[in-house]
Structure formats: C-alpha cells, structure tokens
Amino acid sequence: MGVEVVSGGAVEAVAAAPAKVEVEAGAAAVVAKNMSFREESNRLGDLKDHERKALAELRAMVEEAVVDGKLFDLEDGSGKVKVKVEAKKKEGKKKKKAVEKKPVAAAEEKEEEAVAEEKKEEAEEAKKEDVSAPAVEKKEEEAKEEEAVVEEEKKEEAVAEEEKKEETAAAEEEGEKAVAVVVDKDVALWGVPLLPSKGDEATDVVLLKFLRARDFKAGAAFEMLRRTLRWRREWKSLAATAADGDDEDDALPEGACYLDGADREGHPVCYNALGVFADEAVYKSALGTDGGKKPARFLRWRVRAMERHVAELDFTPGGVASLLQVTDLRGSPGPAKKDLRVAMKQVLDLFQDNYPELVARNILINVPFSYYAFSAVFFPFLTQRTKSKLVVARPSKVTETLLKYIPIEAIPVKYGGLKRDGEDAEFSGEHDAEIAEVVVKAGATEAIEIEAAEGDTTLTWDLTVLGWEVRYTEEFVPADEGAYTIVVSKGRKVGAGEEAVRNSFRAAEAGKVVITVENATRGRKRVLFRHKAKSALAKKC
C-alpha cells in the first residue's frame, strides 16, 4: 500500500503539468515535530555551579528544620504553630516553678504556726503573772482569730496547688502533642519525603522547583516551602489525594477539568473548559461559599483536581514532573462576572504560591477580544516566570497553536486534532498509522491517494486541515480504467470550525481513494492525515 500526493496547479495562470509523487507507506511524509519549549533539567549533573550550591544550602536548611521540628515555623513571626508550642512550653515552665515553690510555702506555714504557739505561751504567762482579766481575754481572742486565718489560708493554698497540678499536667500534655506534630521526620510533599538524609532522589527534584520559583535564592525558597506546607496543613480537607476522593457535592462539572493525553515531551495535558460555567445553575453552585463557612466551591474543585493531576507526575530525576495546561475560554462567562474573576485570581495566587513549577506551559485558547481587558486585571499579579509560560491563541489559531506542543493525534477533535473520545477502535495502537502532512499553497489543489492493492479491502482515514476554509471531496477510483468512479463524499466547502474528518470505504476491487483539497484562500493550508487498510484476505489468514 502506498500514499500518493498529486500536486495540481490548474488554478494558477501559468502552471506546470500536474506532478505525481508516490511515497511508500513506510516512508510517508511524517509531520516534523515542532520543537516545543524546553524545561530546565532536574538532574544534578546538569545544574550550574551556583544552582548546585543553592540546592546544597536548601537541603541543609530543610534537614535542620525537620530534625529540630521547626519546618512549619516562619521567620516573620506569623507561624501560629510555633507560637502555640512556645506558649505551651512557657506555661508549663511557669507551672513547674509554682510546684517548685511548694517547699518554700510549707516553711512559711511552719513559721506562722511557731509564732502562734509563742503567742499562746505568752498569754498563759500573762495569766500566771496576774495580768488583768480583760487583757488576757483580748489576747486570747486575737490568737484565735490568727489561728482561723492561718487555717483558711492553708485550705486555699491546698486547693490552688491541686489546680496548678492539673493545669501543669494538661499544659505539658498539649505541648507534647503540638511538638509531636511539628517534629515529623516523615514529612512529605506530593508523596516525596522532604528529609534529605533519607536519600530519596525525588527530594532534590521537589526542592529544585522551589529554588527555580525564587531564582535560586535558598532562603526565599525555604520560606516558600514552609508556607506551602502550612497552607497544605490548613487546607488538608481540600488538598486531598486522589485516594481520598471527592464529596458528591464537590465533584467537578463534567468536562470542566480533566487530563487527556500527553504533549511532545511527555507532560500530561490538563484541559480546563470554562464554558461550563456559562450555565447559571452551575455558576451559582461553583461560586457559592456555603454561608461563608468554606471557600468558594470553584476553589475547592480546582485544588482537588490539581492534587489528582500532580499524583500522575514522576518526581524522579529525568521524570516528567510538570503539566501542560490548556484553558478553553470558548463560551465562558465574560469579565463582568465578578465572582468568577475573583475566583480565577484566587486560583492563580494559590497555584503560584503552593504548586511552583508544576505547570510547564499554560495555553489559553479560543480567547475572545474581551479577554485582553480581563487579563490586565490579573497580569500584574503574575511572576515574570509565570508570564513567560503563557501562550494565547485566538479561535482561528487554536489547532495551529496546540500543534506546536501536542502531536496532532493527541489533540482532541473538538480542537482540530485527531483524538476521539474514549477508546479508538480504528487507531488505538501507538504505531497504527503514521501522521503525514501535505501543504496546499494559496489558490492550489492537492490530491491525496490511498491505495487498495486488492479487492475486498477496507480503507480508513483521519484528516484535518488547519484553519480549513477549503473545498473537500472524496472519491474511489478503480484500477480498471473501464470501471466507474464512485463518489465517497460529495464536494463541499468546509468551514474554519469543522472537526477532523474520519471516513472509511470498502473497496470491492483494487483501486484507490482520492481525497481532493482545494484551497481558494490567499494563504497556504496544512493538511494532516493518517490512514490504514484492512484486507479481508489478511483477516482470514
């Protein structure tokens, strides 16, 4: 079986005779892969000297903080955990000091008792010396009052000491619990242990992400890591792993955010379709706050979805440790929808601060003109590194833009690619059919021929034209010159928004399917296609 590309220049004023170029199937004109962006290496051997030095500094900081139980503390004094633990410790010390003062209090009590005894003796001596009766009675009354006061003080001190014991024990127990939470040598991030001395190679890959987000400033990267860990602790119900699953009420609307395929460098591709929020009911549900008790449901959706997607990454050196994100703005609520704008800003802030370097490229597609006004609102809040990863594509350039980063067979058909939803029974194998490309010049016509070498053969093909706006025809031409040509698909004009064509034809005799693409526009058109043939004879064998 072969692929024949016929160039015809009938539309041109001066044209050469039609040239027929036959290409064997194994040597088909395969689409040259556009070099997509190149991420920095996460292998230690590829790091520059200053990068290696910064990594060593960060490793030392993390090691010390984990061992000393200070990983969740912040230098600016805003670390609530640290404050609580220190407060408990100080309170415990105060209680201990109070306990230590017990012997002193006991000694004072003995002295008071001795004084009372002396006074009694003096009173008795006064009686013996014939002191006047009124004076003696007065002294006795004073002595009794003093004794009553001493007894009352003893009772109060006993009660106070008992309360202090209970408070001290409770404070020490709470302090131990708080310290136990902070001092955790098994602390991990995205399933990767953070203690460098554990010797996990993935630890350096994770630390490098924080270093790159802070221009390899070890101190700033360390504080960013601390803040991320504190945020994850506070949001543990939101930043749940895929194993925890979603609550029914917190499930994403179908098609809102999902992984589908990989780009040319193996990054999982995450598609976000904001058009689902154009539905008023979904919009209200997504941006509700549950009476102020929880953040907007939209925020919870995105955090949970991000956690599931991060679980698909490989943080070993040389592994794919970031995502390619595609955000489709077609049909999305406009900038006038304040709640959505605020929620989007929150997501951007959260992801920038707590998921550094986990998005390799962020592509916005089907961008309306109003987006540019909207972008002016949140662009100032993006770091320069985040801005450098942003790609914007208008509706007419969606497929062309995605093709720079994602193979055409991995781009969904709704975005002009060849990937169908679910299992593709026709082109499921990795090497089922190579992708070939034909360029149709302005005002020219190209014919693509798919051969059926024998009868009872089924030919199947996928084909798309970037930007379409061409006239498209499919015919079967038998090898027998006396036989009639069969129209497979009548000639029609295909608009810019059309999806890829998939068709098949069972040839009862040897021949070929001829696909004609006529370009009447002033610009060239790129045709990408794949095909295969199944012979009935081959099936029997």
Side-chain angles (χ1 to χ4, degrees), residues 39-44 47 50-85 178-179 181-236 238-241 303 306-307 309-311 313-317 319 321-323 347-360 382-386 389:
E39 282 186 290
E40 298 95 333
S41 172
N42 54 24
R43 297 180 184 275
L44 290 179
L47 298 179
H50 77 279
E51 294 174 344
R52 196 177 289 108
K53 181 180 178 181
L55 178 59
E57 291 177 7
L58 182 57
R59 284 171 58 93
M61 291 178 181
V62 174
E63 182 79 26
E64 182 180 358
V66 173
V67 173
D68 294 346
K70 297 180 179 179
L71 188 59
F72 289 84
D73 299 346
L74 299 178
E75 289 185 354
D76 60 5
S78 62
K80 295 181 181 177
V81 175
K82 180 179 179 181
V83 172
K84 288 182 180 178
V85 173
V179 172
V181 172
V182 177
V183 183
D184 182 7
K185 293 186 179 181
D186 294 325
V187 63
L189 178 60
W190 307 319
V192 176
L194 289 179
L195 188 64
S197 59
K198 283 184 175 288
D200 194 317
E201 290 182 328
T203 301
D204 287 341
V205 175
V206 170
L207 296 182
L208 277 171
K209 290 187 176 295
F210 287 88
L211 283 169
R212 289 196 168 103
R214 290 295 180 262
D215 298 323
F216 281 91
K217 296 175 183 176
F222 182 54
E223 288 309 307
M224 185 183 190
L225 174 61
R226 279 176 158 177
R227 292 180 186 278
T228 295
L229 293 172
R230 283 177 47 75
W231 172 81
R232 292 179 70 82
R233 169 179 284 182
E234 294 168 2
W235 281 60
K236 60 184 178 181
L238 308 180
T241 59
V303 170
M306 187 64 171
E307 285 295 312
H309 300 164
V310 170
L313 300 178
D314 179 7
F315 290 102
T316 58
S322 57
L323 305 163
V347 170
L348 285 170
D349 289 344
L350 275 178
F351 285 12
Q352 259 193 163
D353 296 340
N354 301 294
Y355 296 95
E357 300 301 306
L358 290 183
V359 176
L382 302 179
T383 64
Q384 189 57 44
R385 189 172 177 86
T386 300
K389 298 178 181 180

Stepwise, does the side chain to side chain contact (heavy atoms under 4.5 Å, CB included) test hold for Leu358 with Lys209? CA-CA 8 Å; Leu358 290 183; Lys209 290 187 176 295; 3.6 Å; yes
Return the [atom1] to [atom2] distance between [X] and [Y], rounded to the nearest 0.5 Å.
X	Y	atom1	atom2	value
Lys70	Arg226	NZ	CZ	9.0 Å
Leu323	Leu313	CG	CG	5.0 Å
Glu57	Leu211	CD	CG	9.0 Å
Glu357	Arg385	CD	CZ	4.0 Å
Leu195	Asp186	CG	CG	8.5 Å
Asn42	Glu201	CG	CD	10.5 Å

Using the ring of each side chain (for Trp, its six-membered ring), is Tyr355 parallel, tilted or perpendicular to Trp231, with breaks at 30° and 60°? perpendicular
Phe210 vs Trp190 aromatic rings, parallel, tilted or perpendicular, using cut-offs 30° and 60°?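 Parallel: the ring planes of Phe210 and Trp190 meet at under 30°.
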Answer whether the closest heavy-atom distance between the side chains of [X] and [Y] falls below 4.5 Å.
X	Y	value
Asn354	Val303	no
Thr386	Leu348	no
Leu44	Pro317	no
Leu225	Met61	no
Leu58	Phe216	no

Results of salt bridge (charged side-chain N to carboxylate O under 4.0 Å, His left out) for Arg52 - residues two or more places apart only: Asp49
Could you report the tightest heavy-atom contact between Ser41 and Leu47, atom names first, then the distance?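 Smallest heavy-atom distance, with atoms named: O-CD2, 4.1 Å.
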Looking at every heavy atom in both Met224 and Gln352, which two are closest together, and how far apart are they? CE-O, 3.4 Å
In plain terms, say whether Glu223 and Arg227 are close enough for a salt bridge, that is, a side-chain N and a carboxylate O under 4.0 Å apart.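 A salt bridge is absent here (no side-chain N lies under 4.0 Å from a carboxylate O).
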Just to verify, what does Thr203 make a side-chain contact (heavy atoms from CB on, under 4.5 Å) with, not counting sequence neighbours?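 Checked Thr203 against side-chain contact (heavy atoms from CB on, under 4.5 Å); matches are Val192, Pro193, Asp200, Leu207.
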List for me each residue that meets side-chain contact (heavy atoms from CB on, under 4.5 Å) alongside Val359, sequence neighbours excluded, and say none if there are none.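 Partners of Val359 by the side-chain contact (heavy atoms from CB on, under 4.5 Å) criterion, ordered by chain and then number, come out as Met306, Gln325, Asn362.
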Check whether any side-chain N or O of Asp215 sits under 3.5 Å from a backbone N or O of Lys217 as a donor-acceptor pair, and report yes or no. no
Evaluation steps, side chain to side chain contact (heavy atoms under 4.5 Å, CB included), between Arg59 and Asp204: CA-CA 8 Å; Arg59 284 171 58 93; Asp204 287 341; 2.6 Å; yes
Do Glu40 and Leu208 pass the side chain to side chain contact (heavy atoms under 4.5 Å, CB included) test, and can you show the C-alpha distance, the side-chain angles, and the key distance before you say yes or no? CA-CA 10 Å; Glu40 298 95 333; Leu208 277 171; over 6 Å; no
